[in-house]
Amino acid sequence: MAAGHWAGPGRGCASRWLRSCRLSPAPPAARRAHAGAAERLQREYDAVVIGAGNAAYLQRAGLRTAVLEKRHVLGGAAVTEEIVPGFKFSRASYLLSLLRPQIYTELELQRHGLRVLPRDPYSFTPLLEDRSPPRSLLLGNNMAQTQQQIAQFSQKDAQVYPEYEAFMEGLVSALDPLLDAAPVDTAALGQGSLLQRLSALRSLWPLLQAVAVWGHQLPRCLPARILDQWFESEPLKATLATDAVIGAMASPHTPGSGYVLLHHVMGELEGRRGAWGYVSGGMGALSQAIARAAAARGAHIFAEKAVSHVLLGRDGQAQGVVLQDGTEVRSKLVLSNASPQITFLELIPQEQLPKDFVRRIQQVDTRSPVTKINVAVDRLPSFLAAPNARDGQPLPHHQCSIHLNCEGTHLLHQAFTEATHGHPSSRPMIELCIPSVLDPGLAPQGCHVVSLFTQYTPSVLADGQHWDEQARNAYADSVFDCIEAYAPGFKVSVIGRDILTPPDLERIFGLPGGNIFHGGMSLDQLYFARPAPSYSGYRSPIPSLYLCGSGAHPGGGVMGAAGRNAAHVALKDFRHL
């Protein structure tokens, strides 16, 4: 546990439960992934995947595939871990929406145990204000009720909100076809064969359509400007702006950050665009379902198999990997779900790569504002703006993403500005989620797991200070103080906490700089340029080595698109070997 802090277990359900639990973690054998755990690692495969990901697509096409996961649990940042005994946390990523619809059906994830819990309502923003009770903004799928909520702050905003939703839907629909294929091969347009040129021209059509829709919107790609043109109510604008900056070292006033707003509304659940839900059993249940889909087709899946470097032949082609224990695993293809920085700056000798490519990877903006705090509590928080019922049972807003310190976009900008000077935000943006409201099995009876996605926190503190135990706990205490202002009694309900600052997210999950997307999602790091110009189509400068994680097109967010697209490209190449 990184910077784990334990409060005295002296209350209610928690004290009874903790007395009956082992305080030590489960042994490695008990923790190892179920899928493929009984298989023995062979010395040769058709394909090796570094980090769990797209093995099911490779295996179902007939390639003998092995997955090598560094940690004791599969899934990268999409994992479920019992950090506090009896409490199961989605330790890093915590909500699902962006996973491509094709992946659900092609891998039969529901048959392999995936169950998603939609949320309605889905957003709750309580306010701190001098009135009793304070107001709040609750957004849900019922448009009439949502408009009533918005009308508390602005009748005009309530009237135009449906038009805004339709506007966003139009932009997202234009981008959607670009997510499920490799970016256009610009080199083939000028240098390829006639067949390659025709294929590249055909693939240009979705891009041209997107540009036609998006062209006049690009100058407005500031979230604050977009929202200012639509709305006048600050609580509504701030709530919507959180989607534009979440995970990004950017404020609503940062140019180019408008794409992140779209990135977070382009997903869907059960056919509803922009919906986000909890995964039953935590995010690790999604990773397990994907692993089962791969194992059912014959893939070999291994945890605690850290890769030291990619094995290269004399011709510079990838021929497999070498594990940290010295074991060689040979393969015709190597696909890396690791970040571009780990893949190309750690697993490949620098002299084997073009200098301009190395320079580009080194220059990728990986700044992260995120500190994730996982909290075990013995009761639901009771907000001044929406007090709990006497029986303490969950109310509709408890299932939402609960936005704190979002009374206005100026607060988000102020929090960002503090971080750019090396100081954790004094009043950070907080997205508070309580998945155990819809998934009670995550916590002992009467208790809950709380996810706090907070920003802004710089990777390196002012004056070169590091995130030691004291700094971690000081920041977490300030976050808890903020929550206490909205929900008095929250601090005394805390049983345990797990604090993950940007350096912790990098160390534990391999997220470069702690960046949840493996690199910023700004316009200069997307499509043709992700991760580098001329290498956005999943192939790398090393023949037979492919990048298939969040650092590749179309980016991160538990989307699966990069892995699926990269598998198709690798399979095409494999047939020509």
Side-chain angles (χ1 to χ4, degrees), residues 95-99 101 116-127 129 133-176 213-214 217 220 223-246 252 258-278 383 385-386 394-404 406-409 412 431-435 437-438 557:
L95 285 168
L96 185 67
S97 171
L98 297 175
L99 188 68
V116 183
L117 307 171
R119 308 178 304 166
D120 185 24
Y122 54 80
S123 174
F124 176 64
T125 306
L127 305 187
E129 54 184 2
R135 291 173 297 173
S136 62
L137 177 63
L138 188 69
L139 306 180
N141 296 332
N142 185 306
M143 182 57 75
Q145 292 178 359
T146 292
Q147 288 177 285
Q148 285 181 346
Q149 286 283 312
I150 296 171
Q152 298 176 89
F153 306 96
S154 167
Q155 288 286 348
K156 170 184 170 293
D157 289 357
Q159 290 174 358
V160 302
Y161 188 74
E163 297 176 38
Y164 170 80
E165 292 271 276
F167 164 76
M168 296 298 291
E169 171 71 24
L171 294 183
V172 167
S173 297
L175 288 174
D176 198 67
V213 174
W214 255 80
Q217 301 297 341
R220 300 197 302 173
R225 187 178 300 170
I226 294 173
L227 294 171
D228 283 344
Q229 290 177 349
W230 280 95
F231 305 117
E232 60 187 12
S233 162
E234 279 298 320
L236 177 60
K237 288 192 289 185
T239 298
L240 298 175
T242 60
D243 276 336
V245 299
I246 198 160
Y259 177 79
V260 182
L261 175 63
L262 285 175
H263 188 74
H264 279 93
V265 299
M266 64 175 54
E268 64 178 70
L269 282 181
E270 298 182 348
R272 180 172 289 277
R273 177 75 77 181
W276 291 76
Y278 300 121
F383 295 92
L395 297 173
H397 66 272
H398 283 120
Q399 68 186 273
C400 296
S401 290
I402 300 172
H403 304 285
L404 305 181
C406 290
E407 282 82 1
T409 55
L412 306 184
E431 181 170 292
L432 185 155
C433 292
I434 316 172
V437 166
L438 296 183

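These figures come from a predicted structure and were not determined experimentally. FYI, the numbering just counts along the sequence from 1. Worth knowing before you read on, the calculation uses all heavy atoms, side chains too, and leaves out hydrogens, waters and symmetry mates.
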Between the CD atom in E234 and the CG atom in D157, the distance rounded to the nearest 0.5 Å is 10.0 Å
Minimum heavy-atom separation for Q147 to A158, with atom names?
-> NE2-O, 2.7 Å
Could you tell me the separation between the CE atom of M266 and the CD atom of E268, rounded to the nearest 0.5 Å?
-> 12.0 Å
Taking every non-hydrogen atom, the tightest pair across Q399 and P121 | CG-O, 3.5 Å
Apply side-chain contact (heavy atoms from CB on, under 4.5 Å) to S154 and L236, showing your working.
-> CA-CA 9 Å; S154 167; L236 177 60; over 6 Å; no
Do the side chains of K237 and E232 get nearer than 4.5 Å, heavy atoms only?
-> no
Identify the two heavy atoms, one from T146 and one from L139, that lie closest to each other, and give their separation to 0.1 Å.
-> CG2-CD2, 3.6 Å
For the pair W230 and F167, name the ring-plane relationship: parallel under 30°, tilted 30 to 60°, perpendicular over 60°.
-> tilted
R135 to F153 six-membered ring, cation-pi geometry met (6.0 Å, 45°) | no
Identify the heavy atoms of A275 and S97 that sit nearest to each other, and give their distance.
-> O-OG, 2.6 Å
Who passes side-chain hydrogen bond (donor to acceptor under 3.5 Å, both in side chains) against H397, sequence neighbours left out?
-> none
Minimal heavy-atom distance between S136 and Q152, with the atoms involved, is O-NE2, 2.9 Å
Is there a donor-acceptor pair under 3.5 Å between the side chain of D120 and the backbone N or O of N141?
-> yes
Find out whether P252 and L227 are in side-chain contact, i.e. whether some heavy atom of one side chain is under 4.5 Å from a heavy atom of the other.
-> no
Which value, rounded to the nearest 0.5 Å, describes the distance between Y164 atom OH and E169 atom CD?
-> 12.5 Å
Is C400 close to L138 at the side-chain level, that is, under 4.5 Å between some pair of heavy atoms?
-> yes
Derivation and outcome, side-chain contact (heavy atoms from CB on, under 4.5 Å), residues W276 and L98 = CA-CA 8 Å; W276 291 76; L98 297 175; 3.9 Å; yes
Scanning both residues in full, the closest heavy-atom pair of P118 with L438 reads O-CD1, 3.6 Å
Is there a side-chain contact between L96 and L99, using heavy atoms and a 4.5 Å cut-off?
-> yes
Within a strict 4.5 Å, meaning less than it, do heavy atoms of the F124 and L137 side chains meet?
-> no
So do R119 and S401 actually touch side chain to side chain, heavy atoms under 4.5 Å?
-> yes
T239 versus T125, side-chain donor and acceptor atoms under 3.5 Å | yes
OG1 (T242) and CG (L404) are apart, to the nearest 0.5 Å, by 11.0 Å
How far does CD of E431 sit from CD1 of I402, to the nearest 0.5 angstrom?
-> 9.5 Å
Between CG of L412 and CD of E407, what distance do you get to the nearest 0.5 Å?
-> 9.5 Å
